Amino acid sequence: AVAKANPSVTAWPLAGAITYGQTLASSALSGGAATPAGSFLFSASSTAPAAGTAAQGVIYAPADTTNYNVMHGSANVTVSRAALTAAADAKRKPYGAANPPLTVRYSGFVLGQDAAALSAAPTASTAVDASTPVGVHAGAITVSGGVAANYAFSYEAADFTVTEAIDPVKAGGADRERCYPIAVLV
């Protein structure tokens, strides 16, 4: 039996950039030179690498697999962070009352991930307090501080509405007479 020959790979291809959550199949390999004729392919095209730049396995598969072996090499793939939006939820409260808990919702997680994938969750904050006047305070709830290796944050503020204080005597929409005990002097 005659042993297969190794193809001559004179230049490995360059890999196109992808975004976190995409697999290597989304990265286009370009350039590269080898003989005999064949194709460059990722060794594990279903891999979704982390953000950053890292060498990924590439193979050169000659068209003539009867007489030539497959060759193994690598190409650097740059993976950008996926866009993640952290948005404050709008809140409302009566004048003079304590603020309700401020909450944040997300859009943009990939690969079935959720907030557990964050190194530090963003937090919502506001300058609205018990003495803030009645009205809609546009964009008064802000979000900041998120950290994640694979996500690039954008933040969206929300409105905080302060309503008129609730009068316990008029609660429920019906006027009620106030009753006070009367002291009787004898």
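Here the structure is a predicted model, which is why all the values come from computation and not from measurement. Quick note: numbers below take in every heavy atom, side chains included, and nothing from hydrogens, waters or symmetry partners. Along the sequence shown, residues carry numbers from 1.
Atoms CG and OG, from Leu102 and Ser125 in turn, are 7.5 Å apart once rounded to the nearest 0.5 Å. With rounding to the nearest 0.5 Å, the separation of NE2 in His137 from CZ in Phe160 is 8.5 Å. A distance of 4.0 Å separates CG of Leu118 from CZ of Phe109, quoted to the nearest 0.5 Å. Distance OG/Ser80 to CD1/Ile18: 8.5 Å, rounded to 0.5 Å. The OG atom of Ser107 sits 6.5 Å away from the CD atom of Glu156 when rounded to the nearest 0.5 Å. Note that CG of Asn99 and NZ of Lys91 are 10.5 Å apart. Values are rounded to the nearest 0.5 Å.
Residues Pro62 and Val70 share a closest heavy-atom pair of CD-CA, 4.1 Å.
Counted by atom type alone, Thr53 and Thr78 present one or more donor-acceptor pairs between their side chains at under 3.5 Å. Checking Tyr20 against Gln113 by side-chain atom types alone, a donor-acceptor pair falls below 3.5 Å.
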* **Trace of the side-chain contact (heavy atoms from CB on, under 4.5 Å) decision for Trp12 with Val9** => CA-CA 7 Å; Trp12 287 93; Val9 178; 3.6 Å; yes

Decide side-chain contact (heavy atoms from CB on, under 4.5 Å) for Phe42 and Leu29; before the verdict, give the C-alpha distance in whole Å, the side-chain angles of both, and the deciding distance to 0.1 Å. CA-CA 8 Å; Phe42 283 105; Leu29 291 171; 3.5 Å; yes

Open item on the list: Using the rule given for side-chain contact (heavy atoms from CB on, under 4.5 Å), can you reason through Tyr151 versus Val110, listing the C-alpha separation, both sets of side-chain angles and the distance that settles it, and then say yes or no?
Closed with: CA-CA 9 Å; Tyr151 293 97; Val110 296; 3.5 Å; yes

(message) Assess the residue pair Gln56 and Val77 against the criterion (side-chain contact (heavy atoms from CB on, under 4.5 Å)); give the C-alpha distance rounded to whole Å, side-chain angles, the decisive distance to 0.1 Å, and a yes or no.
(response) CA-CA 7 Å; Gln56 300 294 331; Val77 178; 3.6 Å; yes

Worked verdict on Thr85 versus Ser154 for side chain to side chain donor-acceptor pair (under 3.5 Å)
CA-CA 5 Å; Thr85 301; Ser154 64; 3.2 Å; yes

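Using a 4.5 Å heavy-atom threshold, the side chains of Met71 and Phe40 count as separate. Within the 4.5 Å cutoff, the side chain of Val128 has heavy atoms near those of the Lys93 side chain.
At most 12 heavy atoms of other shown residues, nucleotides or ligands fall within 6.0 angstrom of atom CG in Leu14.
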